[in-house]
2 protein chains.
Amino acid sequence: MVRDVVSSQGGVAVYRQIAAIMRSRIAQGEYPPGYVLPAEQDLARQFGVGRDSMRDALAALRGEGLIETRRGFRSKVREAPVRTQVELAPGTTVTARMPTPEERVEQDVFEGVPMLVVGDRTYPADRFELHVP
Amino acid sequence: MVRDVVSSQGGVAVYRQIAAIMRSRIAQGEYPPGYVLPAEQDLARQFGVGRDSMRDALAALRGEGLIETRRGFRSKVREAPVRTQVELAPGTTVTARMPTPEERVEQDVFEGVPMLVVGDRTYPADRFELHVP
DNA sequence: GTATATTTGTACGTATGTATA
DNA sequence: TTATACATACGTACAAATATA
């Protein structure tokens, strides 16, 4: 199997290689926050892979919270969010977990964004940060 | 298209319907912590869907941190983890994000598990909890 | 130790549905 | 309406990791 940019010879999955390349481009600023990526199909062509591999690569980046995708739109590099500060009360315990599907819908939480859990309250981690007094 | 348990007529994707069913079974204790699920192929047969839909359903549950999957093994319902308490220093800020691929490998973090970020330190959220003094 | 079966992972293809522009 | 783009869902084949005979 012949490909331009990536190869399955190295033992690393093609979609992982592509994800690594794009991750690096995001980190380097080549794909800055807000940048609209080429369409899946175009990216697949550019990397010389099938649609599955390209989608898997994008799904990986989405799961890391690096890009966001909406149906009908092209994927976009996530912007650094402005976080609202929440003051922590003494004696409370903080954990984090992924949101339930209901929470994702109700609170409009993107894929790859965890929830901060403080007692019985939850905060999407991209819009809130907790401060220890 | 005829299916036993789920249907694509309702406007909800088949894999989402299956994920909802299995999520409910986990919540109800029908699939208790540590429970080893049937093989993908068997599940697909049971639900009367293709492998793609079944895999998408399992991937959704994995992304929520409800099950864990290793190659060659069948998927398993995640056990409630024992969390080590970390004392928060006054003045620090707490956030959460998904781990990088490097962090996932180095610290053996499962899919669907976020990282707690305290200053320049990070903690896998399934093994640590933060305490406000 | 080796071979075989099982199971998940990866990668390709095709077709159709749904949301947006 | 039409075009574009992502989502869903079916199929096939082979690779890689694990367990078992």
Side-chain angles (χ1 to χ4, degrees), chain A residues 1-22 35-63 67-78 101 104-105 108 110-112, chain B residues 1-22 35-63 67-78 101 104-105 108 110-112:
Chain A
M1 198 183 306
V2 182
R3 285 199 197 82
D4 289 335
V5 183
V6 294
S7 157
S8 56
Q9 301 304 323
V12 180
V14 166
Y15 83 90
R16 288 183 193 274
Q17 295 179 53
I18 293 174
I21 291 171
M22 298 187 72
Y35 181 81
V36 176
L37 297 171
E40 282 180 1
Q41 208 172 18
D42 295 330
L43 285 169
R45 253 196 302 270
Q46 287 174 26
F47 284 108
V49 299
R51 192 178 183 217
D52 229 38
S53 298
M54 198 58 235
R55 278 184 67 77
D56 285 349
L58 292 175
L61 298 175
R62 220 165 21 239
I67 66 172
E68 60 189 39
T69 308
R70 280 187 301 160
R71 191 184 209 144
F73 287 93
R74 290 188 273 163
S75 294
K76 195 172 67 170
V77 178
R78 295 205 60 198
R104 295 218 19 224
V105 172
D108 200 40
F110 274 102
E111 209 177 319
Chain B
M1 197 184 305
V2 181
R3 284 199 199 81
D4 288 335
V5 183
V6 295
S7 157
S8 55
Q9 302 302 324
V12 180
V14 166
Y15 83 89
R16 289 183 192 274
Q17 296 178 54
I18 293 174
I21 291 171
M22 298 187 72
Y35 182 81
V36 177
L37 296 171
E40 281 179 3
Q41 208 172 17
D42 294 331
L43 285 169
R45 252 196 302 270
Q46 287 174 26
F47 285 108
V49 299
R51 195 191 179 200
D52 230 36
S53 298
M54 198 58 235
R55 279 185 67 77
D56 284 348
L58 292 174
L61 298 175
R62 221 166 17 240
I67 65 171
E68 59 189 41
T69 308
R70 282 186 301 160
R71 191 186 212 144
F73 288 93
R74 290 187 272 163
S75 294
K76 194 173 68 171
V77 177
R78 295 205 60 198
R104 294 217 21 224
V105 173
D108 200 38
F110 275 101
E111 210 177 319

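In what follows, chains carry the letters A, B, and so on, assigned in the order in which the sequence lines appear, proteins first and then strands, with residues in each chain numbered from 1. Keep in mind that what you see is a predicted model, and the values were worked out from it rather than measured.
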Assuming nearest nucleotide by heavy-atom distance, tell me which of Glu40(A) and Met54(B) is located more 5' along DNA chain D.
Glu40(A)
5' to 3', nucleotides 14-21 of chain C under a 4.0 Å protein heavy-atom cut-off (B base, S sugar-phosphate only, - none) gives -B-BBBSS
Let me know the distance between CG of Leu58(A) and P of dA5(D), rounded to the nearest Å.
14 Å
Heavy atoms only: give me the nearest Arg74(B)-Leu37(B) pair and the separation to one decimal.
CD-O, 3.3 Å
Student check: side-chain heavy atoms of Lys76(A) and Arg70(A) closer than 4.5 Å:
no
Return the value, rounded to whole Å, for the distance between atom OH of Tyr15(A) and atom P of dA16(D).
14 Å
Of the nucleotides dC10(D), dT10(C), dA5(D), which has the atom closest to the Ala39(A) side chain?
dA5(D)
Show the nearest heavy-atom pair for residues Ile67(A) and Arg78(A), with the distance to one decimal.
C-CG, 3.5 Å
Taken to the nearest whole Å, CZ/Arg55(A) to P/dA5(D) is 14 Å
With a 4.5 Å cut-off on side-chain heavy atoms, are Thr69(A) and Glu111(A) touching?
no
For Gln17(A) and dG9(C), what is the distance between atoms CD and P respectively, to the nearest whole Å?
18 Å
Rounded to whole Å, CG of Asp52(A) lies from C1' of dG9(C) at a distance of 11 Å
For Arg45(A) and dT4(D), what is the distance between atoms CZ and P respectively, to the nearest whole Å?
11 Å
Atom CD of Glu68(B) and atom P of dT7(C) are separated, to the nearest Å, by 18 Å
Measure CG/Asp56(A) against P/dG13(C) and give the value in whole Å, please.
14 Å
Closest approach of Ser53(B) and Tyr15(B), non-hydrogen atoms and distance?
O-CB, 3.3 Å
Quick check: does any side chain N or O of Glu40(A) sit under 3.5 Å from a backbone N or O of Met54(A), one acting as donor and the other as acceptor?
no
Note: Leu61(B) and Ala19(B) closest approach over all heavy atoms is CD2-O, 3.7 Å
Below 4.0 angstrom from OP1 or OP2 of dT10(C), is there any side-chain N or O of Ser53(A)?
no
Applying the Watson-Crick and G-U wobble criteria at under 3.5 Å, what pairs with dG1(C)? Answer none if nothing qualifies.
none
